[in-house]
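First the structure, in the form of C-alpha cells, and then the observations on it.
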Number of protein chains: 2
Amino acid sequence: MIRDCGGMSSEKPKDRHHHGNLRAALIEAGIALLTEGGLDALTLRKCAARAGVSHAAPAHHFDGLDGLRVAIAEEGFDRFRRRMLAYADAAPQTPRDRLFGICRGYLAFARQEPALYDLIFSFRANSRMIEDLEEGSAPSYMVLRDSCAPFQPAGADPVILETQVWSLVHGYAMLILTGRFGDTSARDEEFLAVLDRIIAPPLSP
Amino acid sequence: MIRDCGGMSSEKPKDRHHHGNLRAALIEAGIALLTEGGLDALTLRKCAARAGVSHAAPAHHFDGLDGLRVAIAEEGFDRFRRRMLAYADAAPQTPRDRLFGICRGYLAFARQEPALYDLIFSFRANSRMIEDLEEGSAPSYMVLRDSCAPFQPAGADPVILETQVWSLVHGYAMLILTGRFGDTSARDEEFLAVLDRIIAPPLSP
DNA sequence: GCTCCAATTTGACACTGTAAACTTGACATT
DNA sequence: AATGTCAAGTTTACAGTGTCAAATTGGAGC
C-alpha cells in the first residue's frame with residue numbers, strides 16, 4: 001500500500017509511525033471532504049482514513065474536531081484572501097476599481113468553494129475557536145478594510161463605511177449560498193453598483 | 001413522573017403511548033436546546049428526552065434529524081417574520097420608517113435568538129431541506145420585499161434593490177453573530193443610515 | 001369481546017469524538 | 001554500541017448519535 005504524504009515530492013513510505021507531514025495531509029484531506037460533501041462530511045475519522053492513518057491520529061495534531069476545523073479555516077482564510085487580492089490586482093488600479101475587484105473576488109470565492117466559505121464563517125462569538133482563529137482571519141479582514149480606506153469621510157468613524165461595504169457583500173454571498181436567487185452572477189454588476197452610492201462622499205451643505 | 005406536554009393547558013399524563021401533541025412538544029424542546037447550546041446541541045435523542053419520550057419517537061413525526069430541523073426552522077421563520085412586523089408597526093407609517101423598522105426587527109431577532117437565526121439560514125441550495133422549507137420561509141421574504149417595494153425605480157429590475165437591502169441587513173446580522181465588531185447595537189443607526197442612499201431615486205440626467 | 005390501527009417503545013447497528021494505554025522508530029548522550 | 005528519552009501513531013474502549021426493524025400498547029370501531 002502506497003502512503004500518500006500529500007506533499008508534492010514523492011517520498012518513500014518511511015515507516016508506520018512517522019508520516020512526515022501528517023498535519024498538512026489531514027488539512028488537505030479535510031478540505032477535500034468539505035468540497036465533496038459539505039460541512040457535515042468533515043469528520044476526524046474520515047480525514048484520518050483519507051490520509052492513510054489510524055482514526056485517532058489527528059488528535060495529536062489538532063485539539064479535537066474543533067481544532068481541525070480551526071486549522072482548515074486558517075487555510076481557508078488564506079485562500080480567501082488571495083482570491084480577493086487576485087481579483088483586485090487584475091483590475092485597473094483606481095481605488096474604486098480595486099474595491100470592486102475585492103468584492104468580485106469575495107463573491108468568486110464563495111461560489112467556487114462554498115463549503116470552505118461556510119466553514120470559515122461558521123464560528124460564533126465568544127467561542128474558544130474564534131479566538132484561536134483570530135490570527136488567521138485578521139489578514140482577510142485587513143484586505144477588505146484597506147480597500148475601503150480611500151473612501152472614508154474625514155472625521156467620521158472609520159468603522160461605519162467599512163462595515164457597510166462588508167455587510168453588503170457578505171450578505172449577498174450568504175444569500176447566494178442559500179440559493180434564494182438562482183445564482184447566475186449575471187446580476188452581480190447591477191448589484192455591486194450600489195457600492196458607488198455607499199462610497200460616495202457625504203452631501204456638502 | 002409528570003409528563004409535560006409542552007402546551008399551555010395542563011393535561012393529565014394520559015398513557016405511555018399517546019402523548020397528545022408530541023410534535024409540537026418536540027419542536028418546543030428543540031428550540032430550547034438550540035437556545036441553550038447552539039446548533040450542535042440540537043439532537044433527536046435529547047429532544048426526545050426533554051419531551052419525556054423514548055429516543056426513537058421523533059422519527060414518527062419528522063423525517064430524521066433534517067426533518068426536525070426543517071420543522072423548527074418553519075417555526076423560526078414565523079417568529080422572525082412576526083418580529084420584523086412588530087418593529088415595523090411600532091414605527092411611523094411612512095414607507096421609509098417602515099423599511100427601517102423591518103430592518104431593526106431583523107437585527108433584533110438575530111441578536112435575541114441567535115441560534116434560531118443560525119438554524120433558519122443554515123440550509124444550502126439544492127438540498128432537499130430547502131425545498132421543504134420553501135413554504136415556511138416565503139412569508140418572511142415577502143415581508144422584506146414589500147417593505148422595499150415603495151422605492152423601486154420605475155422600469156428597473158425590481159429584484160435588484162430588494163436584494164441590495166436584504167444583503168446589507170443579512171450580512172450585518174451574520175457579522176454580528178461572528179462577534180467581529182463587539183455587538184453593542186450602538187452603531188446600528190449609523191449603519192442603517194446607508195439605507196437612505198440605497199433607496200434614493202436614481203440621479204436624473 | 002374482538003380486531004385493527006396508529007403511536008410509541010425496545011433493541012440493535014454503524015458511525016462519531018474522545019481518552020487512555022501501548023508500540024515504534026528516531027535521536028541524543030554516554 | 002547500549003541506553004534513555006521522546007514524539008508520532010496505533011490499539012482498545014466507551015459514550016453519544018441517527019436510523020432502522022420489530023415488538024408493544026392503548027384506544028377506536030364493530
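A, B, ... follow the sequence lines: proteins, then strands. Residue 1 opens every chain.
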Whether the Ser185(B) and Asp188(B) side chains hold a donor-acceptor pair (N or O, under 3.5 Å, no angle test) is what I'd like checked.
no
With sequence neighbours excluded, tell me which residues meet salt bridge (Lys or Arg N to Asp or Glu O under 4.0 Å) with Asp89(B).
Arg98(B)
Rounded to the nearest angstrom, tell me the gap between atom CG in Asp66(B) and atom P in dT17(D).
16 Å
Using a 4.0 Å heavy-atom cut-off, does Ala59(B) contact any base of the nucleic acid, only the sugar-phosphate backbone, or nothing at all?
nothing
Atom CZ of Phe62(B) and atom P of dA7(C): how far apart are they, to the nearest Å?
13 Å
Does either side chain, that of His170(B) or that of Tyr106(B), offer a donor lying less than 3.5 Å from an acceptor on the other one?
yes
His61(A) (side chain) and dG9(D) (base): donor-acceptor pair under 3.5 Å:
no
What about His55(A): does its side chain form a donor-acceptor pair under 3.5 Å with the base of dT11(D)?
no
Over all strands shown, is Thr43(A) touching base, sugar-phosphate only, or nothing at heavy-atom distances under 4.0 angstrom?
sugar-phosphate
Looking only at dG18(D), dT18(C), dT9(C), the nucleotide nearest the Leu44(B) side chain is dG18(D)
Is it true that Arg79(A) and Glu74(A) have a side-chain N and a carboxylate O under 4.0 angstrom from each other?
no
Taking CZ from Arg45(A) and C1' from dG18(D), how many angstroms apart are they, rounded to a whole number?
16 Å
Can a side chain N or O of His60(A) be found less than 4.0 Å away from OP1 or OP2 on dT10(D)?
no
For residues 52-72 of chain B, which side-chain donor-acceptor pairs fall under 3.5 Å, sequence neighbours excluded?
from	atom 1	to	atom 2	distance (Å)
Asp66(B)	OD1	Arg69(B)	NH2	3.2

Between atom CG in Asp40(B) and atom C1' in dT17(D), what is the gap in whole Å?
12 Å
Please give, in whole Å, the distance from dA7(D) C1' to Arg23(A) CZ?
15 Å
Side chain of Ala57(A): nearest nucleotide among dG9(D), dG18(D), dG17(C)?
dG9(D)
Whole-Å distance separating the NZ atom of Lys46(B) from the P atom of dG16(D)
10 Å
Rounded to whole Å, how long is the line connecting atom CG of Asn21(A) with atom P of dG9(D)?
10 Å
To the nearest Å, how far apart are Arg69(B) CZ and dT17(D) P?
13 Å
